[in-house]
Engineer: 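The structure that follows is given in the form of structure tokens.
In listed order, ligands and their atoms are each counted from 1. Please read all numbers here as calculations on a predicted model, not as lab measurements.
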Amino acid sequence: MKYISTRGQAPELTFEQAMLTGLAVDGGLYVPATWPQLDKGQIAALAGKTYEETAFIVMKPFIGDTFPDDEFRAIIARAYAGFDHVARVPLVQIGANDFLLELHHGPTLAFKDVAMQLIGQMFEAALKRAGKRVTIVGATSGDTGSAAIEAFKGLDAVDVIILYPHGRVSEVQRRQMTTPDESNVHAVAMDGDFDDCQARLKDMFNDSDFREAVKLAGVNSINWARVLAQVVYYFTSAVALGAPHRKVSFTVPTGNFGDIFAAYVAKRMGLPIDRLVIATNQNDILHRTLTSGQHTKQGVTPSISPSMDIQVSSNFERLLFDLYHREGAAVAQLMAELGQGGFSLSQGARDALALEFDSGKCSEAETSATIKRMVKQTGQVLCPHSAVAVKVAQEQRGNPATPMIALATAHAAKFPDAVEAACGIRPDLPAHMADLFERPERVTRCTNDLSALESLIHEKIAR
Ligand SMILES: *Cc1c(COP(=O)(O)O)cnc(C)c1O
């Protein structure tokens with residue numbers, strides 16, 4: 001499989017190159033040149049397989065011969081061994097034909113672990129083989145950073161620097177990033193919001209001297225390997241509920257558009273998905289795009305679902321590429337307009353978008369009310385992101401005979417204040433991180449300034 005840039009001006013890469021590179025040199029994102037297909041028989045044959053076996057089958061066409069089959073199976077096994085549930089991503093029933101897909105059984109209690117644990121193992125295997133060393137710089141709204149630090153800490157061939165918006169992540173999220181003491185991982189609290197962190201990260205990738213000097217690599221959800229790892233659970237959950245013989249629908253709490261783009265990939269591969277619903281909090285650029293055809297940035301308003309406090313959803317570019325018939329020049333033009341504040345979708349793109357996706361938004365009050373109602377109706381204590389999904393899923397329910405799966409993207413204990421305020425229950429951290437609040441923190445403050453960040457990174461990786 002070859003990988004091409006959404007802006008059409010970067011060289012084609014192999015899976016391994018695309019994974020180690022992250023962002024393309026033309027500023028675009030890598031996507032596979034074609035969508036591999038699984039036919040009905042192949043999907044039916046996934047029934048009863050373990051998560052790991054399904055992961056191998058779904059991802060294999062995308063990675064080609066990057067790793068020998070045995071090695072790839074071993075990588076997958078190591079990635080998910082640390083999950084605390086044998087099903088890895090269990091389904092829980094919350095209504096007559098409504099389900100939660102629990103994606104928070106990994107080491108940092110959010111769905112980011114599903115991809116990051118796998119990427120950690122793949123980076124290690126690929127870099128070791130090549131005798132190379134890289135510097136991973138990531139921007140996080142909270143959960144990506146802790147998942148990356150957890151997945152890469154202690155590895156020999158990788159330094160990790162994570163930028164998070166100072167004061168805008170939950171205390172649990174912050175401590176998960178600042179308490180690991182391995183010398184190859186570093187948390188940086190930057191002035192500004194998540195979009196500022198992400199913008200500076202993109203600037204670093206566009207600074208070719210810096211990029212080369214530190215061997216910059218990215219593991220944000222712009223990294224194709226992250227999206228790929230997330231495609232797997234759409235297959236496991238749909239098959240558990242009867243696919244390919246019946247369709248299922250998904251509602252995905254959305255920020256950077258990586259998770260729901262993975263659902264779209266599963267659909268392109270042949271998984272019979274009925275409705276694909278984008279759920280946003282009050283930062284609703286994607287919901288506005290679906291309803292008005294205008295993709296226009298507004299300021300970010302902090303919410304109780306902070307991992308979705310985003311107005312520039314990077315992975316939306318991958319969808320635009322398909323909506324504009326894979327014309328890189330058209331995508332480059334739209335992205336330039338977005339830099340000036342926003343763009344309007346063409347009528348054709350708008351129609352194609354509406355064919356694939358529905359959307360809904362959830363206010364702060366509705367998020368809290370949903371947490372409270374779910375405790376009463378099911379005994380489930382949801383994190384605020386998962387509550388956004390449940391609320392929008394019920395609103396966009398559609399055909400009652402079609403199962404609706406809402407993605408539960410984090411454990412409630414990651415957001416204890418918001419959850420307690422909503423339902424009166426203060427969720428406990430699992431035993432393996434019960435002493436999180438006693439561990440010493442290590443973090444560097446930095447201004448929202450490219451050259452300050454670049455010198456800081458040079459300093460951190462100097463040995
Ligand atoms: C990252 C995150 C999201 C948003 O996922 P995207 O792939 O960025 O759309 C939702 N919920 C939680 C808990 C997250 O950590």
Engineer: What orientation do Y3 and W224 show, parallel under 30°, tilted 30 to 60°, or perpendicular over 60°?
Structural biologist: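 Because their plane-to-plane angle lies in the 30° to 60° range, the rings of Y3 and W224 count as tilted.
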Engineer: So which protein heavy atom does atom 11 (N) of ligand 1 come closest to, and at what separation?
Structural biologist: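 Heavy-atom neighbour on the protein nearest atom 11 (N) of ligand 1: T409 OG1, 2.8 Å.
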Engineer: Give me the residue, atom name and distance of the protein heavy atom closest to atom 9 (O) of ligand 1.
Structural biologist: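 Protein heavy atom at minimum distance: G255 N, 2.8 Å.
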Engineer: Among all protein heavy atoms, pick the one closest to atom 6 (P) of ligand 1 and tell me residue, atom and distance.
Structural biologist: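 Nearest neighbour among protein heavy atoms for atom 6 (P) of ligand 1, to 0.1 Å: N256 N, 3.5 Å.
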Engineer: Within the structure, does F257 bring an N/O atom to less than 3.5 angstrom of an N/O atom in ligand 1?
Structural biologist: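 Yes, F257 has an N/O under 3.5 Å of an N/O on ligand 1.
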Engineer: Looking only at protein heavy atoms, which one is nearest to atom 7 (O) of ligand 1, and how far off is it?
Structural biologist: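 Closest protein heavy atom to atom 7 (O) of ligand 1: D259 N, 2.9 Å.
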Engineer: Considering only protein heavy atoms, which is closest to atom 2 (C) of ligand 1, and at what distance to one decimal place?
Structural biologist: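 Among all protein heavy atoms, the one nearest atom 2 (C) of ligand 1 is K112 NZ, 2.4 Å.
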Engineer: Quick one: are L46 and T236 in side-chain contact, heavy atoms under 4.5 Å?
Structural biologist: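 They are not in contact (no side-chain heavy atoms under 4.5 Å apart), so the answer is no.
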Engineer: Check this for me, if you would: do D322 and R318 make a salt bridge, where the nitrogen-to-carboxylate-oxygen distance has to be below 4.0 angstrom?
Structural biologist: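 Answer for the salt bridge query: no.
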Engineer: In a check of side-chain contact (heavy atoms from CB on, under 4.5 Å) between Y234 and each of L407, V239, I405, which one passes?
Structural biologist: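 Of L407, V239, I405, side-chain contact (heavy atoms from CB on, under 4.5 Å) with Y234 is met by L407 alone.
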Engineer: Taking distance alone, with no angle check, do T254 and ligand 1 share an N/O pair under 3.5 Å?
Structural biologist: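 No, no N or O pair falls under 3.5 Å.
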Engineer: Does the side chain of M374 come within less than 4.5 Å of S386's, by heavy atoms?
Structural biologist: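 No, every pair of side-chain atoms sits at 4.5 Å or beyond.
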Engineer: Tell me, which protein residue and heavy-atom name are nearest atom 10 (C) of ligand 1, and how many Å apart are they?
Structural biologist: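 Going by distance alone, atom 10 (C) of ligand 1 is nearest to P253 O, 3.5 Å.
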